[in-house]
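None of the values given here were measured: they were computed from a predicted structure.
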There are 2 protein chains.
Amino acid sequence: MTRSLSDTNCCLVSQPDAGPGARRAAERSEPQALALKLWTVLARAYASVLAHSQADIARHGLTPGEFAVLEVLYHKGPLLLRDIQRKILVSSGGITFLVDSLEKRGLVERRECKEDRRARYAALTPEGERFIAGVFEEHATAIERAVSGLDVDDRRVAIDLLKRLGHHAASLPRPGEGETG
Amino acid sequence: MTRSLSDTNCCLVSQPDAGPGARRAAERSEPQALALKLWTVLARAYASVLAHSQADIARHGLTPGEFAVLEVLYHKGPLLLRDIQRKILVSSGGITFLVDSLEKRGLVERRECKEDRRARYAALTPEGERFIAGVFEEHATAIERAVSGLDVDDRRVAIDLLKRLGHHAASLPRPGEGETG
DNA sequence: GATAAAACCCTCAGTACTGAGATATTGTTC
DNA sequence: GAACAATATCTCAGTACTGAGGGTTTTATC
């Protein structure tokens, strides 16, 4: 495996059941305590499901980044590199690197963009299409198993809550953005 | 910033509103479609809140790993390296690396463990304690702001759902674990 | 009490990226 | 239509780790 659970090692703790944290928690307002708790369980739930996702991806010799590129091309068809970059949230160097390595493996090819000669498309090759089709179906099964702790009604409620949580956080400027000091 | 949103670039897409994905989604069972959707919005919500968390952490010149170590020591008191390692989910080399660098900065110190001479404690120095106290209070505010898309009742529901989701996923063997081929 | 197995930490080569800067092309303003 | 800003990709040095292997100490079994 290429990357581990430490992808998520950020603010996973703060469960003040013992130690100095127990005293500090008592001084915290309830909304803030719930906010910290929510972030903790969100990170832990994400880490637990991610472990399943990555274990499945690693079985096929893919890094998470490579899988993400193949998956987005599989679902959306040929895309400009910058659109892939924004969808899977990698750096500019990262998308070049990922498409390079998938191109070397014959799963993806670059195509020119006639409307904008700065830009390039990435598209699945027939071999890449066949490959990701199989990998993705197995992956869907692995994910369904990983989230089987919630039944379909719970899943619907969770989807609604997480959507609102995510959209709102994404719409807020991040700490340190656009400040002077 | 040291690590980016690509920490989460795994299965972020699969929103089959357009492209080849739209047709494939129609063939998928509803529970599985909900499972994939849940994983997608979980990953996106996590990424969005993480961006706030990391931006705040980076302002203080800390990596996510360093912050995680300071935070766990702040909340739990002195801990054996292996206990920190398990709580923040880093590799064995990673915890040595992180404690090394925090020790060089004078924020953490190693202490001997008399009951088990293989093991070592890590503990905050007085300077480290002062430092993380300030950083953590700011951090709590940043997190509360990041999750402000949900009110306190929603937070309670989300916490319950995510706990169940996470615990169940963590209890399941991961794909490829303990197989023969 | 000797032997083997396990647990803890450290070392270090390897890795999947990041992000600042370079190059090429496109849009915009005067 | 020239100058300038903006955008898309690529380059490459740097990084925060990973994970296999090794030394030391502890635990379990005979």
Can you find a side chain N or O atom of B:Thr63 that sits less than 4.0 Å from OP1 or OP2 on D:dC17?
yes
For the backbone of B:Arg110 and the side chain of B:Glu103, can you confirm whether one donor and one acceptor N or O come within less than 3.5 Å of each other?
yes
Atom-pair distance (CG on A:Leu79; C1' on D:dA8), nearest Å
14 Å
Between A:Phe97 and A:Ala119, who's closer to the 5' end of DNA chain D by nearest nucleotide?
A:Ala119
Which listed nucleotide (D:dT18, C:dT18, C:dC9) is nearest to the side chain of B:Thr96?
C:dC9
Picking from B:Ile132, B:Leu124, B:Leu102, what satisfies side chain to side chain contact (heavy atoms under 4.5 Å, CB included) with B:Val69?
B:Leu102
Contact check, residues 104-113 of chain B vs DNA chain D, heavy-atom distance under 4.0 Å, returns none
Assess whether a salt bridge exists between A:Arg28 and B:Glu137, defined as any Lys/Arg side-chain N lying under 4.0 Å from an Asp/Glu carboxylate O.
yes
To the nearest Å, give me how far apart CG (A:Leu62) and C1' (C:dC17) are.
16 Å
Atom pairs under 3.5 Å, N or O on each side, protein against nucleotides 23-26 of chain C: can you list them with distances?
from	atom 1	to	atom 2	distance (Å)
C:dT25	O2	A:Arg118	NH1	3.4
C:dT26	OP1	A:Arg117	N	3.2

Round to a whole Å and report the spacing from CZ of B:Phe67 to P of D:dA16.
17 Å
Respond yes when some side-chain nitrogen or oxygen of A:Arg120 is under 4.0 Å from OP1 or OP2 of D:dT7, and no when none is.
no
Let me know the distance between CG of B:Asp100 and P of C:dC9, rounded to the nearest Å.
13 Å
Is the distance from the ring center of B:Phe67 to that of B:His60 below 6.0 Å?
no
Do A:Leu80 and A:Arg120 make a side-chain contact, defined as non-hydrogen atoms from C-beta onward lying under 4.5 Å apart?
no
Separation of B:Ile84 atom CD1 from D:dC17 atom P, in whole Å?
14 Å
Run the ring-centre check on A:Trp39 versus B:Tyr46 and record whether the distance is less than 6.0 Å.
yes
Nucleotide D:dA16, atom P - distance to CD1 of B:Ile95 in whole Å:
15 Å
Side chain of B:Leu80, heavy atoms from C-beta onward: which of D:dT18, C:dC10, C:dC9 has the nearest atom to it?
C:dC9
Could you give the CZ-to-P distance, from B:Arg82 to C:dC10, as a whole number of Å?
14 Å
If you look only at pairs with a residue in residues 146-155 of chain B, which of them pass as a salt bridge (charged side-chain N to carboxylate O under 4.0 Å, His left out), with sequence neighbours excluded?
A:Arg164-B:Asp154
If the plane angle is over 60° it's perpendicular, under 30° parallel, otherwise tilted; pick one for A:Phe136 and A:Tyr74.
tilted
Distance check needed: C:dA16 C1' versus A:Leu89 CG, whole Å only.
16 Å
Backbone N or O of A:Thr63 within a donor-acceptor pair of the A:Glu66 side chain at under 3.5 Å?
yes
